[in-house]
Amino acid sequence: MATTSFPDASPRKHHRDTQPALPALSATLRNTPRSAPASRAVCTVRSFPDNLVITAAEPEFARPFGLSSGEICGYGLLELLHAAVPDRLREQFVALSSGRQPRFTEKVTGKDGAGAYFHADMTAIAVRGLAGGTSGAVVLLHHPAPAVPAAPAAPAPAVPPPGTRPVAHDGPLLSALDAQVLEGVARGESTVQLASRLYLSRQGIEYRIGQMLRRFDTPNRPALVSRAHALGMFAAGQWPPRVLPERVKP
């Protein structure tokens with residue numbers, strides 16, 4: 001994978017206060033044969049495309065840069081991650097902000113706190129606000145997992161009795177309608193689009209989104225989608241996003 005030029009200092013050597021407080025991103029990496037599952041790291045960004053500043057991040061997103069989830073907030077995303085083609089990421093975010101595309105994935109290179117390079121796939125997903133404009137983006141970073149030796153075959157898992165379904169232990173269970181609303185928000189649909197597709201009033205959509213914001217303990221839609229991804233609410237590698245069946249109440 002090609003790398004690009006970076007600042008001499010590693011992320012930890014930059015002063016966070018030199019960056020305006022703004023949005024964040026995310027991405028995905030392909031798995032190689034017989035490798036451990038790739039890690040998924042999530043953050044959110046706002047006020048783009050001019051100022052791609054990280055506003056919230058899961059610890060897994062900040063750790064590769066040698067930072068904590070609090071320390072990374074305020075950093076410019078495009079100072080931390082670079083594509084092989086200059087300005088490619090900024091062009092992709094301009095298209096995301098204008099609504100020309102709902103998501104994109106790019107191979108990126110970053111530098112950790114010790115100055116070593118790492119590679120990942122970054123996926124950015126637009127999140128729409130009340131008026132239908134882009135209010136932010138969720139960024140997923142998928143890092144390649146190190147190859148591991150083949151393990152002895154494990155015993156087959158117990159099969160649940162007929163008529164039962166697996167129980168989700170992380171994150172809340174959603175009603176079927178709330179799951180559809182969350183999927184729509186993750187796809188970047190606006191309140192008006194959700195109301196039209198689900199045959200609900202705009203107030204009904206806003207009420208359900210507000211309920212989920214409280215249940216997931218998040219302040220806005222981008223953070224809601226970010227937290228849902230971090231909790232594994234969505235099927236991996238699927239677009240449009242789908243809430244896993246075990247996360248939906250029977």
Side-chain angles (χ1 to χ4, degrees), residues 1-31 38-98 101-127 134 136-146 188 222-223 225-226 229-230 237 239:
M1 187 179 303
T3 60
T4 57
S5 60
F6 288 81
D8 293 336
S10 62
R12 184 173 291 279
K13 295 177 183 178
H14 285 284
H15 195 279
R16 195 180 76 182
D17 292 341
T18 62
Q19 302 293 334
L22 277 132
L25 336 144
S26 60
T28 48
L29 263 185
R30 70 183 62 164
N31 291 326
S39 62
R40 173 160 57 185
V42 189
C43 76
T44 57
V45 295
R46 297 181 64 189
S47 302
F48 64 98
D50 294 330
N51 291 306
L52 287 166
V53 180
I54 298 172
T55 55
E58 298 290 334
E60 292 79 8
F61 187 94
R63 192 172 298 121
F65 302 100
L67 301 168
S68 69
S69 57
E71 291 171 338
I72 201 170
C73 293
Y75 275 89
L77 181 71
L78 301 187
E79 293 185 357
L80 298 178
L81 296 172
H82 299 256
V85 179
D87 294 328
R88 174 63 175 171
L89 288 181
R90 185 173 297 280
E91 292 170 358
Q92 291 277 43
F93 274 101
V94 169
L96 198 72
S97 176
S98 66
Q101 61 184 12
R103 70 196 291 263
F104 70 85
T105 298
E106 283 285 342
K107 294 184 181 298
V108 295
T109 303
K111 184 184 282 189
D112 64 20
Y117 296 113
F118 65 86
H119 306 293
D121 281 358
M122 185 194 79
T123 298
I125 305 168
V127 178
T134 304
V138 173
V139 176
L140 308 175
L141 258 187
H142 284 217
H143 301 273
V225 178
S226 174
H229 275 289
W239 185 266

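All values below come from the heavy atoms of this structure, side chains included, with hydrogens, waters and symmetry mates left out.
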| said: How close do Ala62 and Ile72 get, counting heavy atoms only, and between which atoms? | reply: CA-CD1, 3.8 Å
| note | Residues His82 and Glu79: closest non-hydrogen pair is NE2-O, 3.4 Å
| said: Please enumerate all residues that pass side-chain contact (heavy atoms from CB on, under 4.5 Å) together with Pro64, with sequence neighbours excluded. | reply: Phe118, His143
| For the residue pair Ala83 and Arg88, what are the closest heavy atoms and their distance? | CB-CB, 4.1 Å
| For Gln101 against Leu96, the heavy-atom pair lying closest together | O-CD1, 3.4 Å
| field | From NE2 (His142) to CD (Glu60), nearest 0.5 Å | value | 11.5 Å
| query | How far does CD1 of Ile54 sit from CZ of Phe61, to the nearest 0.5 angstrom? | reply | 4.5 Å
| In chain order, what residues pass the side chain to side chain donor-acceptor pair (under 3.5 Å) check against Ser98, with sequence neighbours excluded? | Arg100
| Counting distance only, does the side-chain N/O of Glu106 pair as donor-acceptor with the main-chain N or O of Leu89 below 3.5 Å? | no
| request: Give, for atom CG of Leu80 and atom OG1 of Thr109, the distance between the pair rounded to the nearest 0.5 Å. | output: 13.0 Å
| task | Starting from the C-alpha separation in whole Å, work towards a yes-or-no answer on side-chain contact (heavy atoms from CB on, under 4.5 Å) for His229 and Ile125. | result | CA-CA 11 Å; His229 275 289; Ile125 305 168; 3.9 Å; yes
| Of all heavy-atom pairs between Pro86 and Ala84, which one has the smallest distance, and what is that distance? | CD-O, 3.6 Å
| remark: Residues Lys111 and Phe65: closest non-hydrogen pair is O-CD2, 3.7 Å
